[in-house]
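A short worksheet on the structure shown next.
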Amino acid sequence: MRTLVVDHPLVAHKLTVLRDETTESPTFRNLADELVTLLAYEATRDVRVEDCAIVTPVAPTTGTKLAAPRPLVVPILRAGLGMLDGMMRLLPTAEVGFLGMVRNEETLEASTYAERLPDDLSGRQCYVLDPMLATGGTLAAAIRFLTNRGADHITAVCLLAAPEGCARLEDELAGLDVPVTVVVAAMDERLNEKGYIVPGLGDAGDRLYGVVG
Ligand code: URA
């Protein structure tokens with residue numbers, strides 16, 4: 001597993017406003033969207049492309065286009081939805097599949113409650129969107145789900161990660177024969193006793209969409 005912490009002043013600036021507890025949901029959503037587009041630029045560095053012949057107004061030449069099959073973007077519900085538009089801005093022809101996963105707040109283990117994905121993901125590059133890589137349980141389960149269906153290249157895009165979650169992910173994916181890259185805006189200090197990232201930004205779903213009872 002490769003972890004890429006995107007080091008850019010605009011990423012750091014936007015992330016700081018996201019972290020601030022006084023930032024309201026509308027601003028939080030806009031900034032998360034912009035931040036994901038910046039992360040997407042790095043996350044798509046390995047997107048598969050192929051040569052194509054085109055003719056400019058001046059001469060024939062060889063260009064580059066996204067290769068088939070199209071990449072698949074997979075937001076993990078619910079908070080990953082807040083990252084979808086920012087990702088699709090750079091990959092507008094990607095397909096989108098959905099994975100609903102919930103974390104049991106006592107055991108901190110993840111389970112799948114909904115999915116809308118192709119049965120066969122052979123040869124597909126998948127971009128998983130999950131804002132908080134905290135314990136790593138949700139992301140590990142999502143990656144296993146996708147690779148069990150044949151995905152052969154996984155990039156996870158996260159806003160924040162905790163070192164404990166990265167270590168667990170690395171551990172759980174140790175035998176996996178599929179390249180996995182995690183692209184993140186910052187690696188925070190640690191997890192607290194409730195499994196929240198410290199200093200973090202709180203509950204990403206609540207910050208994006210408000211608290212639902
Ligand atoms: N999920 C969140 O939304 N925030 C955290 O800090 C950890 C998990």
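Counting starts at 1 for both ligands and their atoms, in listed order.
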In order of chain and number, which residues sit within 4.0 Å of ligand 1 by heavy atom?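 Those residues closer than 4.0 Å to ligand 1 by some heavy atom are Arg103, Met132, Ala134, Gly195, Tyr196, Ile197, Gly202, Asp203, Ala204.
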Qualifying salt bridge (charged side-chain N to carboxylate O under 4.0 Å, His left out) pairs, either residue in residues 120-140, two or more places apart: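 Applying salt bridge (charged side-chain N to carboxylate O under 4.0 Å, His left out) to every pair that reaches into residues 120-140, excluding sequence neighbours, yields Glu95-Arg124.
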With sequence neighbours excluded, give me every salt bridge (charged side-chain N to carboxylate O under 4.0 Å, His left out) pair touching residues 18-29.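 Of all non-adjacent pairs touching residues 18-29, those that pass salt bridge (charged side-chain N to carboxylate O under 4.0 Å, His left out) are Arg19-Asp188.
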Charged N to carboxylate O under 4.0 angstrom, Asp33 versus Lys14?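 No, Asp33 and Lys14 are not salt-bridged.
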Test: Asp206 and Arg78 ion pair at under 4.0 Å: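 The answer is yes: the pair qualifies as a salt bridge.
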Side-chain heavy atoms under 4.5 Å apart, restricted to Ile/Leu/Val/Met/Phe/Trp/Tyr: what other residues fall into the cluster of Leu133, or is it alone?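 Its cluster mates, by chain and number, are Met1, Leu72, Val74, Ile76, Leu99, Met101, Leu117, Leu121, Val128, Leu139, Ile143, Phe145, Leu146, Ile154, Leu169, Leu173, Leu176, Val178, Val180, Val182.
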Are a donor atom and an acceptor atom from the side chains of Arg89 and Thr37 found within less than 3.5 Å of each other?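 Per modelled atom types, Arg89 and Thr37 side chains form a pair under 3.5 Å.
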